[in-house]
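Sequence lines set the chain letters: A, B, ... in the order given, protein chains first and strands last, and positions in each chain run from 1.
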Protein chains: 2
Amino acid sequence: MPSTRKPTRRGERTRAAILDAAAPLFARHGYRGAPLASVAEAARLTQPGLLHHFPSKERLLLAVLEERDREAMRWMRDTWSEGGSAALRALVALVARNTTTPELVQLFTVLVGEGVSESHPAHEYFEERYERLRGSVRRAIAQGQDTGEFRTDVDAAVLANLVLAMLDGLQIQWLLDRDQDMTAAFEAFVRILLEHLAPRDEG
Amino acid sequence: MPSTRKPTRRGERTRAAILDAAAPLFARHGYRGAPLASVAEAARLTQPGLLHHFPSKERLLLAVLEERDREAMRWMRDTWSEGGSAALRALVALVARNTTTPELVQLFTVLVGEGVSESHPAHEYFEERYERLRGSVRRAIAQGQDTGEFRTDVDAAVLANLVLAMLDGLQIQWLLDRDQDMTAAFEAFVRILLEHLAPRDEG
DNA sequence: GTCTATATGTGGATAGAC
DNA sequence: GTCTATCCACATATAGAC
């Protein structure tokens with residue numbers, strides 16, 4: 001077995017082009033609403049040409065999601081690791097950044113909506129994604145509790161739940177009406193949260 | 001014009017049966033994922049038989065949404081009109097009730113996900129729905145401010161935004177993992193909100 | 001690795017009988 | 001008001017040439 005270790009280098013380019021073409025189309029029309037041929041056309045291929053790189057439409061979808069998730073995580077990692085209120089402020093920055101990439105926001109909103117159906121190909125993917133994200137946020141809050149920045153008599157897991165819910169919910173409303181100031185709204189939420197998390201005055 | 005005032009009485013029964021059959025199927029598979037024939041079968045008709053009552057699949061979808069919205073609003077009206085913290089407690093009760101009807105929750109979650117796409121037949125419907133709901137919640141909070149129950153230096157419109165977002169976001173996570181206690185989470189959120197809205201001690 | 005051609009299946013809507 | 005039969009468009013996937 002000579003050189004099968006790393007995936008082929010030639011052809012990676014078109015693979016990336018397909019992923020880039022697929023994301024906005026899945027975002028605009030949903031997985032079921034975006035024909036494979038339209039993705040192929042956007043990537044300047046024919047539909048069977050596309051299927052040479054991805055064995056099925058389903059696998060293409062999962063590749064798109066994983067790719068975009070990886071990107072977002074790279075972006076977050078630095079500020080995120082601090083934990084506590086810094087992490088919450090990092091989330092505000094993430095929301096602000098999201099308002100500059102509506103297609104990406106729509107990709108996840110549209111697909112998670114489709115994905116709550118048990119029969120949907122990305123159902124398991126989203127189950128795992130939310131469990132993972134809840135864990136991340138919970139740990140960031142717990143970190144703030146450990147350092148004494150946050151009070152310790154609140155349930156970090158429940159708060160993590162609320163934070164993620166707020167992100168998703170605001171995105172829905174923002175996508176339906178771009179005039180909404182999603183960043184300001186989330187900032188207001190974080191302010192309320194920090195107020196709630198502030199240790200009580202002793203005495 | 002003799003008796004065209006009220007819609008026909010005969011035939012209303014099958015129309016209702018179709019709506020009842022359509023809701024869970026749209027919920028499970030989405031609008032695009034649920035074939036008209038499957039709805040017809042569930043309503044014990046053939047597909048062309050169904051189309052005698054609704055001119056198109058799109059019109060059927062809108063009828064389903066309006067029907068379910070009407071029901072939910074009937075349920076809310078009484079407690080809701082009080083405004084202030086009573087209204088927020090009514091929302092907690094609504095969430096608790098929603099956990100007993102997962103199909104209904106899924107119907108709106110799946111369809112609003114599809115519906116953020118501009119091309120989706122229910123896009124405008126959801127635009128108007130959220131504007132209407134934001135108005136309702138905003139007025140309920142403003143009412144609490146008028147009576148002196150809530151402090152007045154917070155933006156009721158932004159809070160309404162947050163409340164609706166929280167409802168939607170928690171539903172997504174709950175649908176992906178039914179073990180989550182959506183009611184407890186929303187209750188925790190309302191508690192934080194009430195704490196934030198409590199008038200400051202004078203002095 | 002990309003193409004043309006095609007197999008195969010599905011789904012919304014219409015025509016027209018009863 | 002409901003049916004059978006059918007049309008037509010679309011979409012995923014495969015076969016096989018280049």
Side-chain angles (χ1 to χ4, degrees), chain A residues 3-4 6-22 24-65 110-111 114 117 119-122, chain B residues 3-4 6-65 110-111 114-115 117 119-122:
Chain A
S3 62
T4 33
K6 284 235 172 175
T8 54
R9 265 171 222 173
R10 219 174 33 260
E12 284 301 291
R13 237 189 300 276
T14 58
R15 200 188 137 93
I18 291 168
L19 290 174
D20 284 348
L25 287 167
F26 285 160
R28 265 195 278 283
H29 309 292
Y31 170 70
R32 289 183 174 121
L36 210 42
S38 71
V39 177
E41 189 188 14
R44 318 192 58 138
L45 270 89
T46 59
Q47 183 252 28
L50 188 157
L51 284 177
H52 176 76
H53 297 272
F54 298 91
S56 70
K57 190 186 183 185
E58 182 175 328
R59 293 286 295 275
L60 170 62
L61 169 67
L62 294 176
V64 168
L65 290 172
V110 169
L111 291 180
E114 276 186 303
S117 304
S119 59
H120 194 276
Chain B
S3 61
T4 34
K6 285 236 171 174
T8 54
R9 266 172 219 171
R10 214 172 39 258
E12 284 301 293
R13 235 189 302 274
T14 60
R15 201 188 136 92
I18 292 168
L19 290 174
D20 284 348
L25 287 167
F26 285 160
R28 265 195 279 281
H29 308 292
Y31 170 70
R32 290 184 173 118
L36 210 44
S38 71
V39 177
E41 189 189 14
R44 321 194 58 139
L45 269 88
T46 60
Q47 184 253 30
L50 189 157
L51 284 178
H52 175 78
H53 296 272
F54 298 91
S56 70
K57 191 187 183 185
E58 182 176 327
R59 293 287 296 274
L60 169 63
L61 169 66
L62 295 176
V64 168
L65 289 172
V110 169
L111 291 181
E114 277 186 303
S117 305
S119 59
H120 195 275

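- When the nucleotides C:dT14, C:dT4, D:dA13 are ranked by their closest atom to the side chain of B:Pro48, C:dT14 comes out on top.
- Within the structure, salt bridge (Lys or Arg N to Asp or Glu O under 4.0 Å) contacts touching residues 20-40 of chain B (residues at least two apart or in different chains) are B:Asp20-B:Arg68.
- Between the C1' atom of C:dG1 and the CZ atom of A:Arg13 lies a distance of 14 Å, rounded to the nearest Å.
- Counting to the nearest Å, the P atom of D:dT6 and the CG atom of B:Leu51 are 19 Å from each other.
- Judged by distance alone with a 3.5 Å cut-off, no donor-acceptor contact links the side chain of A:Gln47 to the base of D:dA11.
- One finds no side-chain N or O of A:His52 lying less than 4.0 angstrom from the OP1 or OP2 phosphate oxygen of C:dC3.
- Residues forming a side-chain contact (heavy atoms from CB on, under 4.5 Å) with A:Glu41 (at least two apart in sequence, or on another chain): none.
- For A:Leu65, the side-chain contact (heavy atoms from CB on, under 4.5 Å) test picks out A:Leu61, A:Phe108, A:Leu111, A:Ala122, A:Tyr125, A:Phe126, with sequence neighbours left out.
- Residue A:Phe54 contributes atom CZ, which lies 16 Å from atom P of D:dT14 at whole-angstrom precision.
- Of the candidates D:dT2, D:dA13, D:dT4, the closest approach to any side-chain atom of A:Ser56 belongs to D:dA13.
- Two residues are said to be in side-chain contact when any heavy atoms from C-beta on lie closer than 4.5 Å; A:Pro121 and A:Leu62 fail this criterion.
- B:Ala22 is linked by a side-chain contact (heavy atoms from CB on, under 4.5 Å) to B:Phe26, B:Val39, B:Leu60, B:Val64, counting only residues two or more places apart in sequence or in another chain.
- Computed from coordinates, the A:Ile18 CD1 to C:dG1 C1' distance equals 11 Å when rounded to whole Å.
- Put simply, OH on A:Tyr31 is 9 Å from C1' on D:dT12, counting in whole angstrom units.
- Distance NZ (B:Lys57) to P (C:dG11): 8 Å, rounded to an integer number of Å.
- Nearest to the side chain of A:Leu45, among C:dC3, C:dG12, D:dA13, sits C:dC3.
- Here the shortest heavy-atom pairing between B:Ala43 and B:Ala17 reads CB-O, 4.1 Å.
- A sub-4.0 Å separation between OP1 or OP2 of C:dC3 and a side-chain N or O of A:Thr46 is present.
- Qualifying side-chain contact (heavy atoms from CB on, under 4.5 Å) partners for B:Thr46, counting only residues two or more places apart in sequence or in other chains: B:Pro48.
- Summarising the geometry, the separation between CZ on B:Arg32 and C1' on D:dC10 is reported as 14 Å, rounded to the nearest angstrom.
- Of the residues in residues 33-42 of chain B, none lies under 4.0 Å from DNA chain D by heavy-atom distance.
- Rounded to an integer number of Å, the gap from A:Leu61 CG to D:dT12 C1' is 15 Å.
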